[in-house]
Amino acid sequence: MDMSLWIQGFLSIMTPEVLIFNFAGVVIGIVIGALPGLSATMAIAILTPITFWFEPSCGFAMLIGVWNSAIFAGGISAVIINTPGTPASIASTFDGYQLFRQGKGGLALGINCIFSVAGGVVSTLFLIFLAFPIASFTVKFGPTEYFMLALFGLTMMISCSGNNVVKGMAMGFAGLMLSTVGVDPMLAVKRFTLDTTALVAGVSFLPVMIGMFGIGEVLNQIYEHKKSVEARELKLASSAAGNLGRILPSLKQLLGLVRPAAIASAESAVIGAIPAAGGDIASIICWGQAKKLSKHPEEYGKGSVEGFAVSCTANNGVLGGALTTMLTLGIPGDAVTAILIGSLMMYGMQPGPKMFTDNADFVVQIMQLMLLSNVAILIFGLITAKASAKILNARPETVWVAVCVLCAVGSYALNNSFSDVIIMGLAGIAGFFFKRGGYAPGPFILGLLLGGMLESNLRRALVLSQGSLMIFVERPVTLVLLILIVLTLFYPLIKKRFITKAK
Amino acid sequence: MIRHMFGKFAKAAALAAAVSFIAAGTTASAAAKFPRKQIQIVVPYAPGGASDTVARIYGKELEKQLGKPVVVVNRTGASGAVGLESVKNSRPDGYTMSYMPVESTMISALGLSDISSDDFTFVCRIMTIPAAITVSKDAKWNTLDDFLKYAKENPGKVTVGNSGPGSIWNVAAASLEQAAGVKFNHVPFDGAAPAVAALLGKNIDAVAVSPSEVKSNVDSGQFKVLAVLGDKRSSVVPDVKTSKELGYDVSAMGWGGFAVPKGTPADVVKILDDASAKVAQSQALKDLLAQRGFEYAYLNGKEMDKFAKSQLESYKVLIPKLIKK
């Protein structure tokens with residue numbers, strides 16, 4: 001793409017209106033993204049009809065600002081109340097909340113901001129320079145590849161099982177079982193619906209996740225309250241001295257994070273470009289892989305700065321990838337891009353290969369708006385990190401009530417459905433007992449999240465192959481993924497073997 | 001059980017409302033005051049989708065006609081049954097309306113829920129959407145005849161993607177299959193977009209979805225549409241013939257309208273019906289339909305009630321035959 005387009009585009013977005021709309025979008029996105037249950041999709045769906053009254057560049061400035069910042073802000077609630085604000089932040093709870101409990105909440109919020117921006121910027125660069133090669137690779141993904149991707153995600157169950165892998169596996173399979181509730185994805189037959197319409201749609205994973213992480217954690221804290229009273233008083237004393245913990249990581253810390261974050265942002269940009277894979281699966285896969293490659297895998301899940309930075313990078317890293325599929329192929333990779341395609345059509349533009357020639361100026365503007373939004377997030381994120389870190393000072397009773405209210409409102413707002421609130425409450429109670437029994441909730445959520453993708457793609461692949469399992473080894477990309485999964489599972493055994501031989 | 005209790009509660013509430021209406025006095029007074037407060041439209045699908053966008057624009061225009069706020073609420077799940085059921089169980093006073101998709105006449109035949117379009121009184125139909133039989137540009141078929149001939153010679157070999165088991169596009173492909181006496185390998189996806197992506201990635205041979213969902217890829221020369229299964233040609237691909245023009249007696253199309261729960265006072269229905277007629281004439285709505293590739297096909301409430309009944313009857317026979325369980 002030639003340079004004059006870039007300069008023109010830059011001049012047209014550096015106008016006061018576009019900047020104001022973009023910043024307004026970022027602020028709205030931070031608020032909505034940080035509230036559990038209110039997702040980026042919802043924010044964009046509600047704002048889209050409003051943006052039709054604006055110029056395309058202003059409207060898109062707002063939408064792209066909201067999108068980027070809502071995904072980033074999902075990490076804020078993951079850190080402070082252990083409940084992901086959007087599904088994409090699910091892996092951020094693993095380490096983020098632990099950091100918060102260790103008194104490093106400020107640092108966690110700072111890292112969330114810096115690495116979300118890093119992920120967003122790197123993936124936008126992928127979009128700018130490699131859009132067509134990436135898209136032509138990922139569009140080939142069919143049911144067998146999606147099945148392998150889901151299976152790959154499931155292998156991460158082991159990584160987030162905590163201390164007891166057997167208990168973790170049991171939880172994972174319970175999650176998989178729960179994902180079978182609802183209408184059969186191939187035959188449209190009802191399964192385990194107890195004759196209620198609410199369950200025909202299945203148990204959606206968001207209310208379960210909100211309940212299990214949010215309410216479960218609150219109940220657990222109430223249960224442990226007496227024991228922790230002394231510790232809390234100590235903490236209050238230290239925070240009274242104005243010590244909120246540092247927000248910016250030290251230079252040495254930062255340099256150590258560059259390599260894992262770079263890998264994560266490349267991985268997630270590609271995963272984002274796969275039409276039916278989003279931020280949730282990207283952050284889980286990146287987190288699991290980073291743990292395998294890390295020098296300190298034992299810290300993962302217990303407050304590892306590295307693990308947290310990777311998950312923050314990954315969930316914003318998919319955005320550039322998702323835009324790649326949307327702009328180059330004209331097909332939506334997720335709910336947000338589906339809405340963005342709709343609004344592009346309202347402006348009289350048709351996403352797809354022709355857009356790069358017919359509306360090249362607007363494509364360039366979208367790319368620049370992505371970069372601009374990330375700059376805005378860096379500014380607002382670091383400013384508000386100080387304010388958010390003040391929540392460290394709030395009395396736990398206040399936080400508990402706030403979390404319960406947010407969880408109830410959020411799970412209702414998902415689908416305006418009271419049954420989701422009931423599911424959320426039940427999941428909260430279950431989450432409490434799991435926690436007391438030493439059963440990590442992570443694998444359960446993974447099973448529930450990936451179960452549907454795993455099942456429907458397995459069966460879709462078998463429909464395509466007329467029942468032959470050979471389809472899983474005949475397709476090159478599937479085969480590579482299969483080999484990766486086998487290697488991931490046997491890596492510890494192989495490593496052990498080598499070490500004993502060396503001795 | 002819980003749902004049951006809510007149902008009872010809602011019925012009781014509905015009864016109470018009916019009693020209060022009678023207590024309020026003459027029927028004319030109910031109409032004279034309607035609407036006194038905000039009206040809610042329930043869309044049984046996710047925000048941002050085609051039905052949602054249409055409902056939001058309709059709501060905005062209805063607001064202008066009635067002078068009271070109109071809000072859109074999304075309640076998704078079970079092919080729309082969840083949202084439709086919530087409207088059915090709401091007070092039949094005209095303040096809760098539902099977006100009615102073609103699925104409202106299919107859900108009961110699919111066995112997902114007992115709910116059907118019979119539980120509602122329509123105020124209008126806005127649009128129709130035909131199915132478009134679409135294949136890759138470099139596929140060896142250039143006409144519907146080629147395609148069906150190949151399918152006849154290779155039964156069960158041609159993979160046709162659709163937007164979900166029992167979805168209208170699944171029924172569309174199955175109807176074509178039946179009319180032409182061939183056998184496809186139906187591959188259900190979670191919505192139309194993944195099916196289109198699978199065709200783009202050459203994982204399947206064809207898709208049966210709406211023309212607007214394949215338009216961008218048709219324009220860019222990646223896909224070709226062999227036929228549309230509507231009564232009329234599609235404005236999105238006006239050069240493509242309908243299946244009827246090509247000699248196959250099959251018609252399968254989605255549609256979208258609006259309705260209130262059965263039992264809503266007739267005068268209230270009339271007010272909404274009249275307002276909808278004006279909304280349907282609005283430029284904003286027509287522009288939206290054209291941009292999204294839907295066919296403007298207004299019917300008033302009475303006509304639509306009749307049309308929905310005939311659809312309900314035909315799907316009751318057709319669906320069990322098409323979707324072998």
Side-chain angles (χ1 to χ4, degrees), chain A residues 41-42 44-46 48-49 138-144 182-190 193-202 204 275-276 325 329-333 335-336 338-339 341-342 345-346 348 350-355 415-419 422 452-453 456 460 463-464 466, chain B residues 1-4 6 42 46-50 52-53 56-57 60 73-79 81-82 85-86 110-113 115 156-157 159 164-167 170 185-190 193-194 196-198 200-204 212 215-217 219-222 288 291-293 323 325:
Chain A
T41 316
M42 211 179 293
I44 293 203
I46 294 164
T48 299
T138 54
V139 73
K140 297 257 162 42
F141 271 58
T144 54
V183 177
D184 179 292
M186 292 293 120
L187 300 170
V189 184
K190 290 192 274 188
T193 57
L194 311 177
D195 269 334
T196 57
T197 308
L199 285 179
V200 172
S204 50
T325 333
L329 303 171
I331 48 177
V336 172
I339 306 172
I341 286 181
M345 283 160 78
M346 296 290 273
Q350 186 77 48
K354 273 174 81 186
M355 186 148 171
N415 197 18
N416 297 302
S417 148
F418 192 65
S419 39
I422 296 173
M453 181 175 174
S456 61
R460 200 170 288 138
V463 166
L464 279 173
Q466 317 251 359
Chain B
M1 186 62 202
I2 291 164
R3 179 51 61 175
H4 220 81
F6 286 144
V42 174
D52 178 65
T53 319
R56 282 176 199 275
I57 300 285
K60 200 172 269 167
V73 171
N74 304 81
R75 283 200 186 101
T76 62
S79 291
V82 172
E85 208 150 288
S86 79
L110 287 165
L112 295 180
S113 163
I115 201 158
K157 280 273 183 321
T159 47
S167 66
N170 186 186
N185 184 0
H186 296 280
V187 188
F189 286 83
D190 310 320
V196 173
L200 207 53
K202 303 220 166 57
N203 291 305
I204 50 176
S212 55
K215 184 179 187 303
S216 80
N217 303 96
D219 286 349
S220 62
Q222 291 158 312
L288 173 82
Q291 268 154 351
R292 284 304 186 96
I323 319 286
K325 283 195 178 165

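Every heavy atom of this structure was used, including side-chain atoms; hydrogens, water molecules and symmetry mates were not. Here is how names work: the chains are called A, B, and so on, in the same order as the sequence lines, proteins then strands, and each is numbered from 1.
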Among the options B:N185, B:V42, B:I57, B:V187, pick out the one with the most heavy-atom pairs lying under 4.5 Å from chain A. B:N185
For chain A, which candidate among B:A193, B:A197, B:S167 shows the most heavy-atom pairs at distances under 4.5 Å? B:A197
If the condition is side chain to side chain donor-acceptor pair (under 3.5 Å), which residues does A:T41 pass it with, not counting sequence neighbours? none
In terms of heavy-atom pairs under 4.5 Å, which option from A:D184, A:V139, A:T325, A:T193 contacts chain B the most? A:V139
Can you list the residues that meet the side chain to side chain contact (heavy atoms under 4.5 Å, CB included) rule with B:P194, with sequence neighbours excluded? B:F189
Under 4.5 Å from a heavy atom of chain B, the part of A:V183 involved: side chain
Between A:S456 and B:D190, does the side chain to side chain contact (heavy atoms under 4.5 Å, CB included) criterion hold? Intermediate values first, please. CA-CA 9 Å; A:S456 61; B:D190 310 320; 4.0 Å; yes
Checking side chain to side chain contact (heavy atoms under 4.5 Å, CB included) for the pair B:L288/B:T53: CA distance, chi angles, key distance, verdict? CA-CA 8 Å; B:L288 173 82; B:T53 319; 3.7 Å; yes
Heavy-atom pair of closest approach, residues B:H186 and A:V463: O-CG1, 3.5 Å
Using non-hydrogen atoms only, which part of B:T159 is less than 4.5 Å away from chain A: side chain, backbone, both, or neither? side chain
